[in-house]
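Atoms within a ligand are numbered from 1 in the order they appear, just like the ligands themselves. Side chains included, hydrogens not; waters and symmetry mates left out as well; all remaining heavy atoms used. Throughout, numbering of the chain's residues begins at 1 and tracks the sequence.
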Amino acid sequence: MNQVLVEMLRQGRPMSGEELGRILGISRAAVWKQINRIRERGFEVQSEHGKGYMVEKCPPHTLIPEKLYLRLADRIRHYFYSASMDSTNTEAKRLILKEDLGDILVMTDQQTGGRGRLGRKWDSSPGRDLTFTLGLRVDDDVRDFFRYTILTATAIQQTLLQYREGFLIKWPNDILWHNLKICGILSEMITEANQIKYVLIGAGVNVNSRPPLDTSTTLQHITGQEADTNLLLSSILEKVYQYLDAYRTGDYESVFQLWKKNLAWMDSSVRIIESGKETEGVLCDVNKDGSLLIRKGMETISVYSGDITQSLRPGNK
Ligand code: BTN
């Protein structure tokens, strides 16, 4: 994290090397060195004589950890960014297993081995889509893991609604826009003696890439405008912490109800495939543990895992 960049972005006005040095407790030479590094990263830094330094332009299509830090410093202490890495979930796990860091954010502009649910691959466009993992330090029973899945999906869906209407949650935690996928979430955990120590929330959001496939879409395609990935990510994380605070202060129910209200295909015919086994019926409700209630004729069954799709049989809703 470049402290000079944090300070310049925070102030948003020209600052002399002397002032920056004084605020940060470093020499003017050290300030100058950091400014050079900021320029090497592609920032345009104004340095007119007598006016001081100011960030004129940030590099496009890249995540800027300093911007995330500015909005989330009181919640996340550790920020890891690399232009390219195999998978933010894998990297987060590596970092946490090395050191018990507390909440961490791992982000990249390019994943070379992005992982999806059920052992699938996750592809994203370098610099155009959002790929990150939030590692939450928790102390919870493993049976409560699903609550984090619910909480995160709701946070991302509610954030996307700030851009346009029409986003819904595909059980348990994908985000759809008119049945086209815009976001996938891979939640994993690090446990110790039946307790969750860390929840890893890895999300991939299709933001500015295109053209969309016939099964997926992107935020730019929906709104017609390029979105700022730094702003989107900080808004998502603020929502996650808002719901986390609700959960931690005993109001998980309101988040659960919001999740349930925003689930796709409620009261419609659906098909769920799990390990090659297919279940078809009407999605009529969800249980408190996040599992689905599927009505098949006279009987109602609970489904705990699998891949859900809308069933488009003639006569089905
Ligand atoms: C899915 O839809 O199957 C879930 C996809 C999750 C992808 C994200 S991208 C960031 C994080 N790192 C990964 O390797 N996977 C998740």
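Contact shell of ligand 1 (protein heavy atoms, cutoff 4.0 Å): Ser87, Thr88, Asn89, Gln111, Gly114, Arg115, Gly116, Arg117, Trp122, Thr131, Phe132, Thr133, Asp174, Lys181, Gly184, Ile185, Leu186, Gly202, Ala203, Gly204.
Note: Tyr79 and Tyr69 have perpendicular aromatic rings, judged against thresholds of 30 and 60 degrees for the angle between ring planes. Ring pair Trp259/Phe256 is tilted by interplanar angle, where 30° to 60° counts as tilted.
The closest side-chain heavy-atom distance from Met1 to Val6 is below 4.5 Å.
No side-chain N or O of Ser254 forms a donor-acceptor pair with one of Tyr243 less than 3.5 Å apart.
A salt bridge does not link Asp86 with Arg115: every distance from a Lys NZ or Arg NE/NH1/NH2 to an Asp or Glu carboxylate oxygen is 4.0 Å or more.
Only one option out of Thr88, Thr108, Thr62 pairs with Tyr81 in a side chain to side chain donor-acceptor pair (under 3.5 Å); it is Thr62.
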